[in-house]
Amino acid sequence: DTWGDTDTEKKTLPKSSGHYYLVCDIKVNASTEVSDKADLVLCLNGYTIDGSGKNTIYRVGGSAKLTVSDCTAYTDDAGSYHAGTIRNGKHTGGVGGGFYVYGDAQLTMHSGIIADNRNTTTNTNAADDGYSGGGMHIRGNAKVALNGVLFTGNTSAREGGAICIRSATSELVADSCTFLNNRAGV
């Protein structure tokens, strides 16, 4: 199915099982929670999902599976990487600006860019361990696999400018990924 054909789809993201292909840039004003037990595949097709600087863009929990890819990604002759982008997510009261992956959920991302997401919470209470991760926050038994993803310009007021892993039972595999200008403690 295509996504972005209607005015409503240009302001929301898919959250139920299925294969979706973006046909335009999407600007969302709220987090999208992938439905529990959903198996959602999203192809960015070179387009951008912009979080409007308001909320975490995608929350993936329970036993949901989200696969994000960009089959149009390429590197030009000058060495610049071009791909669909998850950008401008912001969380002010908890976890992950771009993605929050928790519970028994799975996130797989092939190609694409995670850029300019931020977590601005400065809570220093040791019991509140969720206040971190600019680009992505991973916790619980969540499993994340990244291949060829560029993380750039993500920031966190506490830990994990690009990625924060908060649980010993979480799994992260990152292959051929690039991390540029991500900052924590800012």
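Bear in mind that the values here come from a model prediction, so they are computed numbers and not experimental data.
- Cluster annotation: V60 is connected to V144 through the hydrophobic network of ILVMFWY side chains, with a link wherever side-chain heavy atoms come within less than 4.5 Å.
- In this structure, OG on S111 lies 13.0 Å from OH on Y74, to the nearest 0.5 angstrom.
- Within the 4.5 Å cutoff, the side chain of R166 has heavy atoms near those of the H137 side chain.
- Side chains of N154 and R183: a donor-acceptor N/O pair is absent below 3.5 angstrom, by distance only.
- Side-chain contact check for I57 versus R87: every heavy-atom pair is 4.5 Å or farther apart.
- With hydrogens and angles disregarded, no donor-acceptor distance shorter than 3.5 Å links the side chain of N119 to the backbone of S156.
- Considering D36, D104, D39 as possible partners of S63, the one that fulfils the side-chain hydrogen bond (donor to acceptor under 3.5 Å, both in side chains) test is D36.
- Judged by distance alone, the side chain of D70 and the main-chain N or O of G84 form a donor-acceptor pair under 3.5 Å.
- Here the side chain of T85 pairs a donor or acceptor atom with the backbone of A83 at under 3.5 angstrom.
- Within the 4.5 Å cutoff, the side chain of V149 has no heavy atoms near those of the I113 side chain.
- Side-chain contact annotation: D116 with N88, donor-acceptor N/O pair under 3.5 Å absent.
- Between F151 and F179, the angle of the ring planes stays under 30°, which puts this pair in the parallel group of the 30/60° scheme.
- Looking only at distances, a side-chain donor or acceptor of Y47 sits under 3.5 Å from a matching main-chain atom of V23.
- At distances below 3.5 Å, at least one donor-acceptor pair connects side-chain atoms of N117 with backbone N or O atoms of I86.
- Looking at T155, its side chain never comes within 3.5 Å of a backbone N or O of R118 through a donor-acceptor pair.
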Margin query: Set out, in order, the CA-CA distance, both residues' side-chain angles and the distance that settles side-chain hydrogen bond (donor to acceptor under 3.5 Å, both in side chains) for T169 and N141, then state yes or no.
Written below: CA-CA 5 Å; T169 55; N141 296 317; 3.0 Å; yes

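- A heavy-atom distance below 4.5 Å is found between the side chains of I163 and L172.
- A donor-acceptor pair under 3.5 Å links the side-chain atoms of T56 to the main chain of G96, judged by distance alone.
- Between Y20 and W3, the ring planes are perpendicular. Angles over 60° get that label, and only those under 30° would be called parallel.
- With contacts defined as side-chain heavy-atom distances shorter than 4.5 Å, the pair F99/R59 does not qualify.
- Under a 3.5 Å cut-off, the side chain of S170 and the backbone N or O of I165 do not form any donor-acceptor pair.
- Under the 4.5 Å side-chain criterion, counting only non-hydrogen atoms from C-beta, L13 is in contact with V28.
- Between M109 and S69, every side-chain heavy-atom pair lies at or beyond the 4.5 Å cut-off.
- A donor and an acceptor atom, one from each side chain of D76 and H82, are located under 3.5 Å apart.
- S176 contributes atom OG, which lies 11.0 Å from atom CG of L146 (distance to the nearest 0.5 angstrom).
- Between the side chain of E9 and the backbone N or O of G4 there is at least one donor-acceptor pair closer than 3.5 Å.
- For the residue pair D50 / T48, no side-chain donor-acceptor distance below 3.5 Å is found, with atom types taken as modelled.
- Looking only at distances, no side-chain donor or acceptor of T32 sits under 3.5 Å from a matching main-chain atom of Y58.
- The NE2 atom of H91 lies 6.5 Å from the CG atom of N55; values are rounded to the nearest 0.5 Å.
- Side-chain contact, S52 with N29: a donor N or O sits under 3.5 Å from an acceptor N or O.
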